Amino acid sequence: MKLTSFFLSILLAAFISLDALAYDSVTFHCDQDTVLINGLLSSPELKDLAPGERVSFFAKQLVGSPSSLRQEILEADTLVFTVNAHTFTPLSFISTCVALAKAYETSSAPNWRDFAEKYENIMFKKGEASDFVSRFLYPSDWIADNIFRGNVTDETFNIDGLAARKKEKSIDYISHNRKSFKALANQNNYDRLKMLEMGFRNHQIPYISNGDLTNSSRFKPQAKDGDIFFLLTPDFNLDSREMGILTRDGDRLLIIQLSPAKDSVTLEELPFEQYVKRNVKRIQGARIIRISK
């Protein structure tokens, strides 16, 4: 199967391939990461914002940041726990915004160390960066683990007036494309990945239908600034095709995501409901996740 950069960027949002390697210390993407993170956490606007609004605020500050998909998804074969506020995969972008919002609440003067702790807690299984299987491979895994540990809540069934549904899927795309990932040449990595995917056989995915998403009188009035969206894909062995953060601009509900077309974090011009309507052939509803208070 031939894979385009678009397909990979959406479907493998959280994936980083690697050999087992114990996490010993934090490294940095570049020498400006701590400066940028400390600057974001000291923004005076944050004190008057709710947690979700802080997620939205941080997402806006990161617009324009480039993608690191190829380095982190296809070419990497070791785990390096990195403090990075400059380049992203789709899921690491979401995790960074949530981690910044969580870090802000830790003290009266939060800093990059608080961020690093929260990012590890959000981006890795059980909150610990250790080896290949510790980093989330699929959005459904990220959601389930972070709900269990109290970082986020699933609001898909909690939005008044909408009849949320469930879709059953077996999620095993990555193992079916083993040759595309350097780390999966390691048999141990591959075997452990297969074990992880077994947990997602006949997985029940809640979602809000396209009809509700594109009707501006239904979903939009109840969506909150900083809500996290995962758009379901029609592909049989994948969960989410696109993901990002919702932000309000007056009466408009907009998307901030790692755009596959622009290869960078982008504030989309189309409002959310119009974005779904334009891409309805490759979207089968949305799952809505919210940072916990």
Side-chain angles (χ1 to χ4, degrees), residues 1-30 65-84 86-96 116 119-120 122-146 169-203 230 233-243 258 260 263-264:
M1 178 180 180
K2 186 176 180 180
L3 304 176
T4 64
S5 59
F6 168 76
F7 202 51
L8 290 170
S9 67
I10 299 306
L11 307 177
L12 307 172
F15 182 69
I16 178 172
S17 49
L18 44 95
D19 293 311
L21 180 67
Y23 165 61
D24 295 318
S25 61
V26 178
T27 60
F28 302 90
H29 164 259
C30 71
S65 302
S67 168
S68 58
L69 284 163
R70 177 157 295 279
Q71 299 93 319
E72 293 196 26
I73 293 174
L74 298 177
E75 298 171 353
D77 58 3
T78 57
L79 173 62
V80 178
F81 178 37
T82 305
V83 172
N84 185 355
H86 288 85
T87 66
F88 302 99
T89 68
L91 196 54
S92 73
F93 165 65
I94 292 170
S95 298
T96 295
Y119 183 80
E120 182 180 18
I122 291 163
M123 193 61 186
F124 297 90
K125 279 182 175 295
K126 299 180 180 179
E128 297 179 356
S130 58
D131 58 18
F132 169 57
V133 295
S134 73
R135 180 160 179 149
F136 295 110
L137 310 180
Y138 293 103
S140 290
D141 197 15
W142 183 93
I143 293 169
D145 192 87
N146 278 289
K169 282 192 171 187
S170 292
I171 305 171
D172 56 6
Y173 171 83
I174 297 172
S175 65
H176 279 80
N177 293 277
R178 178 179 184 177
K179 292 182 179 179
S180 299
F181 308 102
K182 185 176 179 180
L184 295 188
N186 180 305
Q187 187 64 38
N188 182 58
N189 285 347
Y190 180 73
D191 291 343
R192 296 178 72 189
L193 171 64
K194 290 288 290 182
M195 288 294 294
L196 180 143
E197 290 177 338
M198 286 179 64
F200 288 97
R201 288 182 180 176
N202 304 317
H203 183 56
F230 294 87
T233 172
D235 301 286
F236 76 96
N237 60 350
L238 293 162
D239 47 3
S240 297
R241 187 178 179 90
E242 294 186 55
M243 63 206 71
L258 186 64
D263 215 27
S264 64

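Nothing fancy with the numbering, it's 1 onward along the sequence. Keep in mind that this is a model prediction, so the values were computed, not measured. Note: hydrogens, waters and symmetry copies are ignored here, and every other heavy atom, side chains too, is used.
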With side chains defined as the heavy atoms from C-beta onward, is the minimum distance between His203 and Asp239 less than 4.5 Å? no
Go through the structure and list residues passing side-chain contact (heavy atoms from CB on, under 4.5 Å) with Ser65, not counting sequence neighbours. Leu62, Phe88, Val265
side-chain hydrogen bond (donor to acceptor under 3.5 Å, both in side chains) partners for Thr96, two or more places apart: none
Tightest non-hydrogen contact, residues Glu120 and Gly127, listed as CG-O, 3.4 Å
From Asn237 atom CG to Asn177 atom CG, the distance as rounded to the nearest 0.5 Å: 7.5 Å
Smallest heavy-atom separation, Ser175 atom then Lys194 atom, equals CB-CD, 3.5 Å
Do Leu193 and Glu197 come within less than 4.5 Å of each other through their side chains, counting heavy atoms only? yes
Counting N and O atoms only, with roles assigned by atom type, does the side chain of Lys169 sit under 3.5 Å from a partner on the main chain of Phe200, one being a donor and the other an acceptor? no
Please confirm whether the backbone N or O of Asn189 pairs with a side-chain atom of Asn186, one donor and one acceptor, at under 3.5 Å? yes
Donor-acceptor contact below 3.5 Å, side chain Tyr138 vs main chain Ile174: yes
Donor-acceptor under 3.5 Å (Thr82 side chain, Asn84 main chain): no
Minimal non-hydrogen separation, Ser264 against Leu258, with atom names: C-CD1, 3.4 Å
side-chain contact (heavy atoms from CB on, under 4.5 Å) for Ser95 and Trp142? Distances and angles first, verdict last. CA-CA 9 Å; Ser95 298; Trp142 183 93; 3.0 Å; yes
For Ser170 and Asn202, which heavy atoms make the closest approach, and how far apart are they? OG-N, 2.9 Å
So, using salt bridge (charged side-chain N to carboxylate O under 4.0 Å, His left out) as the criterion, who are the partners of Asp145 when residues are at least two apart? Arg149
What pair of heavy atoms forms the shortest contact from Tyr173 to Leu238, and how long is it? CB-CD2, 3.0 Å
Please check this pair: side chain of Asn146 against backbone of Ile122, looking for a donor-acceptor N/O pair closer than 3.5 Å. yes
Pairwise side-chain contact, Ser92 with Met123, heavy-atom cut-off 4.5 Å (strictly under): yes
In terms of heavy-atom contacts, Ser240 and Phe230 come closest through OG-CB, 3.3 Å
Rounded to the nearest 0.5 Å, what separates atom CZ in Arg135 from atom OG1 in Thr89? 5.0 Å
Could you tell me whether Arg178 atom CZ has more than 12 heavy atoms of other residues or ligands within 6.0 Å of it? yes
